[in-house]
> 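Before I ask anything, let me first share the structure, which is written out below as structure tokens.
Chain identifiers are assigned alphabetically (A, B, ...) following the order of the sequence lines, protein sequences preceding nucleic acid strands; residue numbering begins at 1 within each chain.
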Protein chains: 2
Amino acid sequence: MNKQRLTSTLNKAKQVCLEHGRKFTIQRKQILQILLTTDVPLSAYELASCYKLRTSSSVSVMSVYRILSFLESVNLVRRLNSANKYIAYGTDSEVFKRETSLFLICRHCQKVETLAVSHSDVAKLFPHFDDAGFTSQTKQFEMLGVCNECQAKLA
Amino acid sequence: MNKQRLTSTLNKAKQVCLEHGRKFTIQRKQILQILLTTDVPLSAYELASCYKLRTSSSVSVMSVYRILSFLESVNLVRRLNSANKYIAYGTDSEVFKRETSLFLICRHCQKVETLAVSHSDVAKLFPHFDDAGFTSQTKQFEMLGVCNECQAKLA
DNA sequence: GCACAATTGATACATTATAACATATCCATA
DNA sequence: TATGGATATGTTATAATGTATCAATTGTGC
């Protein structure tokens with residue numbers, strides 16, 4: 001993510017927090033910024049380490065979990081279930097706009113690409129889904145595999 | 001799962017193991033049987049407890065993980081990433097037949113329903129999926145929500 | 001019996017996550 | 001100003017999940 005987009009996302013993130021009557025504290029900002037400026041998902045423990053390296057300050061893992069859970073609740077961060085790691089994305093991204101997302105996670109380089117999926121597509125995608133009478137609360141799907149670039153390298 | 005289907009699945013499971021040049025040991029059989037006869041997913045630790053209760057024998061958690069990982073490798077068991085738990089299914093099920101599956105996981109009763117998805121449907125219905133040039137190795141999607149029955153109860 | 005691979009046991013450890021309670025900070029307002 | 005409530009963080013302990021390593025056992029073919 002380039003500098004301009006980062007700044008704009010951080011500003012928007014602050015707005016989002018305020019709109020929820022919550023604060024955009026320095027720690028929340030730092031954690032979000034770390035996630036926005038790394039290209040691979042990070043675990044809570046990795047985030048705590050990163051925090052120490054980048055800021056000459058520190059944050060407890062417990063706080064990292066709380067911060068992540070807060071940032072998730074306002075849709076600024078997502079947890080990848082298949083990796084137990086976390087990602088962020090620009091506030092101009094489809095992920096932030098609360099559509100259903102498909103995360104393509106590369107097993108080699110760990111990078112994650114995001115595609116948007118409409119809810120109607122989801123229903124269409126899975127035959128008999130409507131018959132099942134199941135009320136989905138899921139806004140993300142995860143797919144593991146090999147990305148374009150890694151495939152080229154491996155070939 | 002009824003008794004007849006259980007027996008047939010266990011027999012088929014033995015075949016599958018032998019076809020892979022591996023054994024269908026008593027422990028593997030017990031673990032599989034526990035998974036086949038529970039209606040909710042179980043964690044490795046829960047399986048170890050269950051094993052003790054049901055068999056008057058026991059198995060180390062380490063072994064449970066090895067057994068699960070083996071059973072997964074021959075497609076007799078699946079791990080649910082969103083719950084860190086494991087499920088099995090009849091050998092007559094679509095899941096066993098290696099199609100892509102969608103697991104509908106109920107947040108209330110924990111029960112899991114399975115739908116089959118063809119690979120071509122997956123590619124077709126995520127817009128821009130082909131553009132991404134991503135090679136998927138995923139054979140399952142997980143959806144959290146509320147099942148039919150629980151919804152009726154809650155209403 | 002012996003060699004070999006597959007399986008399991010046992011111990012230790014790593015990683016991920018939550019519980020519980022204390023403290024701090026900020027803001028509205030009495 | 002102070003005080004009360006909500007929000008946020010610190011601290012410690014512990015639970016839950018998972019892996020590494022090496023030894024022991026079991027079964028099978030020769």
Side-chain angles (χ1 to χ4, degrees), chain A residues 13-32 34-35 40-52 55 57-74 76-87 105 107 110 142 144, chain B residues 13-14 16-32 34-35 40-52 55-74 76-87 110 142 144:
Chain A
K14 180 169 187 174
Q15 272 182 36
V16 170
C17 292
L18 297 181
E19 280 162 17
H20 281 81
R22 314 294 293 279
K23 293 164 195 166
F24 193 56
T25 64
I26 182 70
Q27 292 188 332
R28 288 176 178 174
K29 180 177 176 180
Q30 289 288 359
I31 292 292
L32 183 58
I34 292 172
L35 282 176
V40 297
L42 296 175
S43 75
Y45 284 77
E46 288 166 340
L47 277 164
S49 302
C50 251
Y51 194 102
K52 208 172 268 182
T55 67
S57 170
S58 79
V59 62
S60 72
V61 175
M62 185 69 254
S63 289
V64 173
Y65 275 107
R66 283 186 288 221
I67 288 166
L68 287 171
S69 136
F70 164 70
L71 291 175
E72 260 196 286
S73 78
V74 294
L76 289 166
V77 156
R78 288 280 179 93
R79 184 191 132 92
L80 296 179
N81 290 319
S82 46
N84 299 330
K85 291 180 192 293
Y86 301 80
I87 56 172
I105 305 164
R107 281 209 157 101
Q110 323 305 327
E142 300 171 32
L144 294 171
Chain B
K14 181 170 188 173
V16 170
C17 292
L18 297 181
E19 280 162 16
H20 282 80
R22 315 291 294 277
K23 294 164 195 165
F24 193 56
T25 65
I26 181 70
Q27 292 189 331
R28 286 174 180 175
K29 180 177 177 180
Q30 289 287 1
I31 292 292
L32 183 59
I34 292 173
L35 283 177
V40 297
L42 297 175
S43 74
Y45 283 77
E46 287 166 342
L47 277 165
S49 303
C50 253
Y51 194 101
K52 209 173 268 182
T55 66
S56 78
S57 170
S58 79
V59 61
S60 72
V61 176
M62 185 67 253
S63 289
V64 174
Y65 275 107
R66 283 187 288 221
I67 288 166
L68 287 171
S69 136
F70 165 70
L71 291 174
E72 260 196 286
S73 77
V74 295
L76 288 165
V77 156
R78 287 279 180 96
R79 185 190 133 92
L80 296 179
N81 289 319
S82 46
N84 299 331
K85 290 179 192 295
Y86 300 80
I87 56 173
Q110 322 306 328
E142 300 170 34
L144 293 170

> Could you tell me which residues satisfy side-chain contact (heavy atoms from CB on, under 4.5 Å) with B:Ser56, sequence neighbours excluded, listed by chain and number?
none
> Under 3.5 Å, is there a donor on one side chain and an acceptor on the other for B:Ser82 and B:Glu142?
yes
> For every nucleotide of nucleotides 4-18 of chain C, 5' to 3': is a protein heavy atom under 4.0 Å from its base (B), only from its sugar-phosphate (S), or from neither (-)?
---SBBB-----BBB
> My understanding is that only residues two or more places apart in sequence, or in another chain, count here; which of them pass side-chain contact (heavy atoms from CB on, under 4.5 Å) with B:Arg22?
B:His20, B:Arg28, B:Phe70
> What residues form a side-chain contact (heavy atoms from CB on, under 4.5 Å) with A:Gln27, not counting sequence neighbours?
A:Thr25, A:Tyr51, A:Val59, A:Ile67
> Which heavy-atom pair separates A:Tyr86 from A:Leu35 by the least distance, and what is that distance?
O-CD2, 3.4 Å
> Could you list where the contact with chain B starts and ends along DNA chain D, reading 5' to 3', using a 4.0 Å heavy-atom cut-off?
D:dT17 to D:dT21
> Check salt bridge (charged side-chain N to carboxylate O under 4.0 Å, His left out) between B:Glu46 and all other residues, then give those that pass, not counting sequence neighbours.
B:Lys85
> If you look at every heavy atom in A:Leu71 and A:Ile31, which pair is closest and at what distance?
CD1-CG2, 4.3 Å
